[in-house]
Enquirer: 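Please read through the structure below; I'll follow up with questions.
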Amino acid sequence: MKVKSTIYAIVIMLLGCNSDQKNEEVVSQNNIDKESKTSLIDYVNPLMGTDSAFDLSNGNTYPAIATPWGMNFWTPMTSKMGDGWTYKYDENTIRGIKQTHQPSPWINDYAAFSFMAITGDLKYKEEERASWFSHKAEIVKPNHYKVYLADYDIVAEVSPTERAAHFRFTFPEAKQSYIMLDAFFKGSMVKIIPEERKIIGYCRNNSGGVPDNFHNYFVAQFDKDFEVNHTWGDEWKLLENSLENKGEHVGAIIGFKTKKGEKVHIKVASSFISPEQAQLNLNREIGTDTFEQTKIKAKQAWEKELNRIKIEDDNVDNIKTFYSCLYRVLLFPRKFYEFNEKNEILHYSPYNGKVLPGYMFTDNGFWDTFRAVFPFFNMMYPELNGKIMKGLANTYKESGWLPEWASPGHRDCMIGSNSAPIIADAFLKGIPDIDTETLFEAILKNATTSEGRPLSNGNEIRSVGREGIDYYNKLGYVPYDVKINENAARTLEYAYADFTIAKMAEKLGKKEVANTFYKRSQNYKNLFDPSTKLMRGKNVDGSFQTPFNPLKWGDAFTEGNSLHYTWSVFHDIEGLIQLMGGKTEFEKQLDNVFEMPPEFDASYYGFTIHEIREMQIVNMGNYAHGNQPIQHMIYLYNYANVPYKTQEKIREVLTKLYSATPDGYCGDEDNGQTSAWYVFSALGFYPVTPGVDQYVIGSPLFKKATIILENGNEFIISASNNSKQNVYVQSASLNNVVYNNSYLNFDTIQQGGELNFMMGKVPNKDWANTDEAVPYSLSKVK
């Protein structure tokens, strides 16, 4: 049954003395009752993507109970300590609710500790204390998690702030009720202070990317006297009537009698800087607030951001999916900075271990997020992205390198040099207050040397900088036969990064640098094999790799095959079209990916990796939307003057591969990228080429969407006669003027206005089918 829902937006303005503090303060008490008539947070399902496993990802997400871009998230644990799949939808027991900073199960967590409540006989080991629960007795919202712990007749709840959280446990009548703080492994300390109703301590667990002095200091303030005080030490050794413990893995237990329905609250905060800073974070962000006040403030923080885009449509399921995806886009990168007693911004550096002034953000893989997440920030959140750019400049100053995968410091994961398009796109879009000199120096360093890269556990972090850069700059490609894996993928990504460097250099007036990198951006041509019309690994002597199987995943490519990576020429699709022999042949090659069976060669990995399986099972040929390399591909039909094929396939992906359900993604969500694809595509356009001031048009999903921009303007996308069947653009108008281009300019959106589409069930093959109507390509520039 479909219920017509018109979603109205409000913009909640936060009050403050300066712009930084205005954005960081929680909503004031005066705003507690000023809630939106329509709560968009109710459309968000944080369980979307949680029905996942190592061998098949439906998102590989966990329910993040957090504020947008918060320093700390909270999540229930169904899995054991250290398991990257911390919450599995099909598991039946919960062993605690933990503070988490995990960006991906493959990267895993750091600085985690948890709370659990029980009644009856004391059970504190994680397997023994676990309680059965049901999703039927679970409430999961971005601002509030609530679950019934059936084994103990306890209701557990948590609501977040940026650096703190508020717990509420509702107990039955019991002579023995306990709350325990598990400080986790890899080094921890707890201290119970009964006279202050407080537990303090630290945890040091991590999965890499931290200096030797890394600590997460926590403070937990209770509102009930402690009658029992225990700790446990290494190997779960219980120390009764003890107040302090320190070791590899320690925890604290406090106990008391409870009445039926008695509520016990914990206000908890943490800091990467010091115990004193943790207390300051708690005082500032929660203070004397009640649990309900904390919950409402977190709700308002989400409503403020979700209301930046208002949707009007009669398909509630699509609305739920849209806002569930938008929630994911607004989680990462996380704020890794704090405010001292003077309200000055400072951060613990995960690169050199010092406490330094200024911004720092982390938990992001740029191989994923350069594609759509950061373009979304440039469109919607230029002020935020300006702060992220300051954080990137600080990373370079503190480590000597730009991050490519940070969690919290440099991590050896994925390939490419994708900090360059992120920085260049921000600069070219006019993001304010960028340290241009430092960041341009940093991206040039990435493009010229790989010497002196940082170490992790004594090993060089090869994902920082450019692996194979000397070969690339000399030969124009990274060779297949020099023991550098994923060489063809690296070449293609370096070439695109070089294009963005050239664009930035050109705007800076550095003509010689621009010319050098424009030339290098053509290096993609060195891997094009005319005999197969596909990208192919090339040996150091100039010969192509043999044998060559375009269905082989990995090897010369990254989590994909040649059919996927051939299209990774974001900046010069026209040049790729020419290599393939023209638009007709280009169109056939695109069609072939969808029309062929989902065959694959997994021999490089030795088993069928989950990305392959996710391609295989969705019945879209060799199109692998569940992974990033091919996510822009459908939009390339526009460049071949057949935008109706883009429209058809975009709508299929939007409605077939996404839903606001536990199995709602078709592969890893990845720090907001797969969600950002949905958000952009549902609006009707997508940033195929970050670094260029255009978006490529697809098929808008909703009847009307209103984007409220940071500059105060509104841009409206309306789609007359839109429906499940009417997926094709018949005509378009921009501000009441006929519009026949299959792209949309960045400035057009920022200036505000309305783009209207007339939709129909039959393709209009005449719309936007001229050479002048297609999006930007470097080869088209005169």
Side-chain angles (χ1 to χ4, degrees), residues 333 364 366 369-393 396 402 404 416-447 493-522 568-574 632 635 676 680 685-696 707 709-711 713 715 741 743-751 775-782:
N364 222 247
F366 291 167
T369 56
F370 86 86
R371 304 165 195 269
V373 174
F374 279 90
F376 185 79
F377 293 164
N378 288 332
M379 182 177 78
M380 298 295 297
Y381 293 99
E383 184 177 350
L384 169 74
N385 208 24
K387 295 175 182 177
I388 295 173
M389 292 304 114
K390 290 179 181 179
L392 289 181
Y396 178 68
L402 288 168
E404 297 297 335
S417 187
N418 298 305
S419 52
I422 285 172
I423 291 167
D425 194 39
F427 172 75
L428 294 165
K429 296 292 194 300
I431 300 303
D433 300 325
I434 290 179
D435 185 349
T436 306
E437 182 177 351
T438 297
L439 291 175
F440 192 67
E441 174 189 313
I443 61 177
L444 285 182
K445 179 179 179 178
N446 271 13
E493 294 193 19
Y494 296 167
Y496 165 62
D498 286 342
F499 166 79
T500 64
I501 295 172
K503 292 281 286 185
M504 186 172 180
E506 185 175 48
K507 188 171 182 178
L508 289 170
K510 301 178 184 292
K511 294 183 179 180
E512 185 174 342
V513 176
N515 290 337
T516 295
F517 282 93
Y518 274 131
K519 183 178 180 180
R520 289 182 184 175
S521 77
Q522 298 290 303
S568 291
V569 188
F570 307 96
H571 57 296
D572 197 15
I573 301 303
E574 176 60 30
H632 68 294
Y635 285 95
F680 267 121
F685 53 92
Y686 185 78
V688 168
T689 315
V692 170
D693 62 349
Q694 292 178 356
Y695 307 95
V696 182
I707 301 172
L709 300 160
E710 199 166 86
N711 61 18
N713 294 335
F715 189 77
N741 295 329
Y743 63 88
L744 190 62
N745 287 329
F746 172 80
D747 287 341
T748 297
I749 294 176
Q750 293 299 312
Q751 291 166 9
Y776 171 94
S777 286
L778 180 60
S779 292
K780 287 182 61 181
V781 178
K782 295 181 180 179

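A quick note: this is a predicted structure, and the numbers were derived from the prediction, not measured.
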Enquirer: Distance from S777 atom OG to I573 atom CD1, nearest 0.5 Å?
Expert: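 With rounding to 0.5 Å, OG (S777) is 6.0 Å from CD1 (I573).
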Enquirer: Are F377 and I431 side-chain neighbours, meaning at least one heavy-atom pair lies under 4.5 Å?
Expert: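 Not in contact.
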Enquirer: Determine, stepwise, if the pair I422 / I388 fulfils side-chain contact (heavy atoms from CB on, under 4.5 Å).
Expert: CA-CA 10 Å; I422 285 172; I388 295 173; over 6 Å; no
Enquirer: Considering all heavy atoms of both residues, which atom of T689 and which atom of H571 are nearest to each other, and what is their separation?
Expert: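 That would be CG2-CA, 3.8 Å.
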Enquirer: Is the side chain of N745 donor-acceptor paired with the backbone N or O of D747 at a distance under 3.5 Å, no angle test?
Expert: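 No; zero donor-acceptor contacts below 3.5 Å.
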Enquirer: So how far is it from K510 NZ to L444 CG, rounded to the nearest 0.5 Å?
Expert: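 Here the interatomic distance stands at 8.0 Å.
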Enquirer: Cation-pi check for Y743 against K780: NZ or CZ below 6.0 Å from the six-membered ring centre and within 45 degrees of the axis, yes or no?
Expert: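 Checked: cation-pi criterion not met.
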Enquirer: Could you walk me through whether E404 and F370 satisfy the side-chain contact (heavy atoms from CB on, under 4.5 Å) test, starting with their C-alpha distance in whole Å, then the side-chain angles of each, then the deciding distance to 0.1 Å, before giving a yes or no?
Expert: CA-CA 10 Å; E404 297 297 335; F370 86 86; over 6 Å; no
Enquirer: Is it true that S417 and E493 share a donor-acceptor pair across their side chains at a distance under 3.5 Å?
Expert: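 No.
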Enquirer: Between OG1 of T438 and CG of L392, what distance do you get to the nearest 0.5 Å?
Expert: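 Those atoms lie 11.5 Å apart.
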Enquirer: Please give me the minimum heavy-atom distance between Q694 and Y776, naming the atom from each residue.
Expert: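 That would be OE1-N, 2.8 Å.
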Enquirer: Check whether any side-chain heavy atom of F570 lies under 4.5 Å from a side-chain heavy atom of R371, and answer yes or no.
Expert: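 Contact flag for F570/R371 side chains = yes.
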Enquirer: Which pair of heavy atoms, one from N385 and one from A426, lies closest together, and at what distance?
Expert: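 For N385 versus A426, the nearest heavy atoms are ND2-CB, 3.8 Å.
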Enquirer: How long is the straight-line distance from CG of D433 back to NZ of K390, given to the nearest 0.5 Å?
Expert: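 Going from NZ on K390 over to CG on D433, the span is 4.5 Å.
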Enquirer: Yes or no on side-chain contact (heavy atoms from CB on, under 4.5 Å) for Q751 and F715, after CA distance, side-chain angles and deciding distance?
Expert: CA-CA 8 Å; Q751 291 166 9; F715 189 77; over 6 Å; no
Enquirer: With the side chain counted from C-beta on, respond yes when T436 and M504 share a heavy-atom pair under 4.5 Å apart, and no when they do not.
Expert: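 When only atoms from C-beta onward are counted, M504 and T436 do touch, with a gap below 4.5 Å.
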Enquirer: How many angstroms lie between OG1 in T500 and CG in D425, if you round to the nearest 0.5 Å?
Expert: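 That separation rounds to 8.5 Å.
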Enquirer: Considering only heavy atoms from C-beta outward, does the side chain of L428 approach that of F746 to under 4.5 Å?
Expert: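 No, every pair of side-chain atoms sits at 4.5 Å or beyond.
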Enquirer: Are more than 12 heavy atoms, taken from residues, nucleotides or ligands other than K507, located less than 6.0 Å from that residue's NZ atom?
Expert: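 More than 12 heavy atoms, drawn from other residues, nucleotides or ligands, come within 6.0 Å of this atom.
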Enquirer: Atom CG of D572 and atom CD of E574: how far apart are they, to the nearest 0.5 Å?
Expert: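 Spacing of CG (D572) from CD (E574) equals 7.5 Å.
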Enquirer: What is the minimum heavy-atom distance between A372 and F680, and which atoms define it?
Expert: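 Nearest heavy atoms, A372 then F680: O-CE1, 3.3 Å.
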Enquirer: At their closest point, which heavy atom of A447 faces which heavy atom of R520, and how far apart are they?
Expert: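 Closest heavy-atom pair between A447 and R520: O-NH1, 3.7 Å.
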Enquirer: What verdict does the side-chain contact (heavy atoms from CB on, under 4.5 Å) test give for F499 and F517, after you've listed the backbone C-alpha separation in whole Å, the side-chain angles of each residue and the deciding distance to 0.1 Å?
Expert: CA-CA 6 Å; F499 166 79; F517 282 93; over 6 Å; no
Enquirer: Backbone N or O of A424 within a donor-acceptor pair of the K429 side chain at under 3.5 Å?
Expert: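 No, the answer is negative, given that no donor and acceptor are paired below the 3.5 Å cut-off.
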Enquirer: Aromatic contact between F374 and F366, with the criterion being ring centroids under 6.0 Å apart: yes or no?
Expert: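 F374 vs F366: aromatic centres under 6.0 Å.
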Enquirer: If I compare all heavy atoms of M379 with all of L709, which pair ends up nearest, and what's the gap?
Expert: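 Looking at all heavy atoms of both residues, the closest pair is O-CD2, 3.6 Å.
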